[in-house]
Amino acid sequence: MNILSQSEAAGKALLRPAAMGKMRVFRLSAKTMRASQFHVATLKEAPADAEVVSHQLMIRAGMIRKLAGGIYSYMPMGLRVIRKIEAIIREEMNRAGAVELLMPVVQPAELWQETGRWDKMGPEMMRVKDRHDRDFIIQPTSEEVITDIARNEIQSYRQLPKNFYHIQTKFRDERRPRFGVMRGREFTMKDAYSFDRDEAAAERSYQAMYQAYVRTFERMGLSFRAVRADTGNIGGSLSHEFQVIADTGEDQLVYCPDSDYAANIELAEALPLSVAVPAPAEALRKLPTPDTVRCEDVAKLLGLPIERTVKSVVLAVDTPLGAEIWLLLVRGDHEVNEIKVGKVPGLDAGFRFASEQEIVDHFGCVPGYLGPLNTKKPVKVVADRTVAHMADFVSGANEAGFHIAGISWGRDLPEPEIVADIRNVVAGDPSPDGKGKLAIQRGIEVGHVFFLGTKYSEAMNATYLDETGKPKLMVMGCYGIGVTRLVGAAIEQGHDAKGIIFPAAIAPFQVVIVPMNYAKSETVRQAAGELLEELLKVGIDAILDDRDERAGSMFADWELIGVPHRVVVGERGLKEGKLEYKGRADAEASMIDIAEMPAFLKRELLG
RNA sequence: CGGGGUGUGGCGCAGCCCGGUAGCGCGCUUGCUUUGGGAGCAAGAUGUCGAGAGUUCGAAUCCCUCCACCCCGACCA
């Protein structure tokens, strides 16, 4: 038998049962909607290496199992959540006019060499060789491949705009994978890429994706915020992150309660806190501050507010002529923002923290007592805007165990060469749009939209012919959603002492039927079975717990898993024609007529 | 990549300092009882003690090398 006829025969065999009618298919699926057939694998204790709640709960609920650092198997319970998230994303992407395709996980090095990212990407990008010793990568993202597709497929302006997306496995060899699914090495991402004839059209594509993301996350029942973001390595000019609000988030979101300003702290501009520089009022004086290194402690020791101190951070820029040393000055209670520092002219080509040796060479003093006054060798000084507007401030004396107070610009040292915004904003700072004060909350980045421009189309010569027959570069955008990270984010946002509280839209099951005395009571068994069929029939995603476990352990399992609606079938209630209903977040259960239950649940799921 | 820590049954841990042939809880199996909030009793099964090399009559325990994992160190969906 040749291969063709073999697969033909197999195809027929597979087709036949389905062709026999819907009942068979229906029963088959109803069967897996029973807990004894499905895989319920809860754990009382979480593995010791699970740090954050979402990680602990996902493992305890049997949704993921670790295979290696940052690499997880998605177990049946977890996969259902992922599939539901993917379904919502697909619907909203399609609605927004994007077209799904699927690009390979393994990609040839040549494409990445074409854009220069083969060299630019660090060890985070996984590189592999095939048997012919040719270089490949495991995709961390797909700009190169999609641009290659676009330049081959799109010749005319008539084919634009176009937006391709796929939902695919990504691999990033994170320096430090952690938090389970929130920062894994292997993960699933939806990435979309738009191609337009010019900037104006590309901006419309960007807006369409932005709106699609808003709809997507709203449908998932998440509380989130879209914030302006830094464009980072991917490049481009316009960018927003979609952040799920959670105290455990890694990102800090800056927003203005009185306006619609919102930005990642990496980007949020810190306005000068005062316009005028106060006149010097104090005399310069050197004060002993033994073993007092942190600004907070110096202020306390000297009996001054911390706002009068200035913190020194020393950077080095490697040049062909050797390392150039820079001194950054921020107010004692402020933090240096490295993204902003990286935009300062002279530091924008890359910088690092200076070594202790370099510091001693230039300041004649060990870190802890550094300052702009009396440096051993000249250094380039960058003052934060706030610092530039200070007078009578305190900084290190460049002598171990001493600080200098009463320093004022112009009088004691020259005005700083460079004044720039190099600090993180803090709550209470004025909003950059002038409409109030800033507030800060934490978030988990689950989506990111970028306006790319022609960065990739230029590098890879992706052009189309316009109406006049002239070749023009396609203008691109790219748009990502972290599918697997969304599961973690949803759990960080929705959980209590008992376990996960999933929004119904992405819960592994919408309703769980928990029968009492399943094995012994024929009436319960029948009522529970009928209810399951009823619910499945009206399109409710329900599961029947037919494991005949003790009530307490079934309740505990489903509360841990986070199924939003629970129906208890017991002889007591059945005698009165009623079933017990309880929402996952409800304090009390209520009794509902049996006949009413499907309609009742439908309403609950819609509401 | 640097600093710190941990590897003992499916999960959580004790034992290691002071070498003497592996133990507890959960889970699992069987039986009886129990049955609306993670049951009780009884009987069981499950370990290359992360890997390799060494010291020793004898190594989970001491020495060396390696590996994996976790935490802390701000290039990301």
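Residue numbers begin at 1 in each chain, while the letters A, B, ... track the order of the sequences.
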In plain terms, say whether [X] and [Y] are close enough for a salt bridge, that is, a side-chain N and a carboxylate O under 4.0 Å apart.
| X | Y | answer |
| --- | --- | --- |
| A:Arg90 | A:Glu100 | yes |
| A:Glu45 | A:Arg60 | no |
| A:Arg178 | A:Glu51 | no |
| A:Arg566 | A:Glu559 | yes |

For a quick check, tell me whether the side chain of A:Arg183 and the base of B:C76 share a donor-acceptor pair closer than 3.5 Å.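 Indeed there is one.
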So, under a plain 3.5 Å distance rule, would you say the side chain of A:Asn517 forms a donor-acceptor pair with the base of B:G36?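 No pair found.
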Residues forming a ring-ring contact (aromatic ring centres under 6.0 Å, His included) with [X], sequence neighbours excluded:
| X | result |
| --- | --- |
| A:His334 | none |
| A:Tyr72 | A:His55 |
| A:Phe224 | A:Phe217 |
| A:Phe555 | none |

Less than 4.5 Å apart, side chain to side chain, heavy atoms only: is that true for A:Asp173 and A:Ile138?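 Not touching, per the 4.5 Å side-chain cut-off.
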With a 6.0 Å cut-off on ring centres, are A:Tyr479 and A:Tyr165 close enough?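 They do not qualify: ring centres at least 6.0 Å apart.
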What are the two closest non-hydrogen atoms of [X] and [Y], and how far apart are they?
| X | Y | result |
| --- | --- | --- |
| A:Ala61 | A:Ile500 | CB-CD1, 4.1 Å |
| A:Tyr518 | A:Arg525 | O-NE, 3.1 Å |
| A:Ile422 | A:Asp384 | N-OD1, 3.0 Å |

Looking at A:Lys190, I'd like to know whether one of its side-chain N or O atoms comes within less than 4.0 Å of OP1 or OP2 on B:A77.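 No, outside the criterion.
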Is any side-chain N or O of A:Arg176 closer than 4.0 Å to OP1 or OP2 of B:G73?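 So the side-chain polar atoms of A:Arg176 do come within 4.0 Å of the phosphate oxygens OP1 or OP2 of B:G73, strictly under.
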Please tabulate, for side-chain N and O atoms in residues 35-43 of chain A, each donor-acceptor pair with protein atoms closer than 3.5 Å (sequence neighbours left out).
from, atom 1, to, atom 2, distance (Å)
A:Ser36, OG, A:Asp546, OD1, 3.0
A:Ser36, OG, A:Asp546, OD2, 2.7
A:Thr42, OG1, A:Asp557, OD1, 2.7

Proximity to RNA chain B (any heavy atom under 4.0 Å), residues of [range] only:
| range | answer |
| --- | --- |
| residues 63-94 of chain A | A:Lys66, A:Gly69 |
| residues 327-336 of chain A | A:Val336 |
| residues 559-575 of chain A | A:Glu559, A:Arg566, A:Val568, A:Gly570, A:Arg572 |
| residues 546-553 of chain A | A:Arg550, A:Ala551, A:Gly552, A:Ser553 |

If a protein heavy atom is under 4.0 Å from the base, mark B; if only from the sugar-phosphate, S; if neither, -; do that for nucleotides 4-16 of chain B going 5' to 3'. -------BSS---
Interatomic distance where [atom1] belongs to [X] and [atom2] belongs to [N] [whole Å]:
| X | N | atom1 | atom2 | answer |
| --- | --- | --- | --- | --- |
| A:Met554 | B:G36 | CE | C1' | 9 Å |
| A:Glu338 | B:G73 | CD | P | 13 Å |
| A:Phe351 | B:A74 | CZ | P | 12 Å |
| A:Arg60 | B:G27 | CZ | C1' | 14 Å |
| A:Glu174 | B:C69 | CD | C1' | 17 Å |
| A:His55 | B:C71 | NE2 | C1' | 14 Å |

A:Gln211: side-chain hydrogen bond (donor to acceptor under 3.5 Å, both in side chains) partners, not counting sequence neighbours: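 None.
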A:Arg225: partners by side-chain hydrogen bond (donor to acceptor under 3.5 Å, both in side chains), with sequence neighbours left out: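 For A:Arg225 the side-chain hydrogen bond (donor to acceptor under 3.5 Å, both in side chains) partners, ignoring immediate neighbours, are A:Gln441.
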Can you tell me if A:Asn337 and A:Glu266 form a side-chain donor-acceptor pair at under 3.5 Å?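 There is no such pair between these side chains.
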ring centroid sep under 5.5 Å plus plane angle under 30, A:Phe555 with B:G38: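 So A:Phe555 does not count as stacking on the base.
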A:Lys44 or A:Thr484: which one's nearest nucleotide on RNA chain B is closer to the 5' end?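 It is A:Lys44 whose nearest nucleotide is closer to the 5' end.
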First encountered from the 5' end of RNA chain B, between A:Phe179 and A:Met182: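 Upstream on the strand: A:Phe179.
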Distance check, C1' atoms only: B:U56 and B:C64, in whole angstrom units.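 Going atom to atom, C1' in each nucleotide, I get 16 Å.
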Determine the interatomic distance between P on B:C70 and the same-named atom on B:U30; round to the nearest Å.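 It works out to 36 Å between them.
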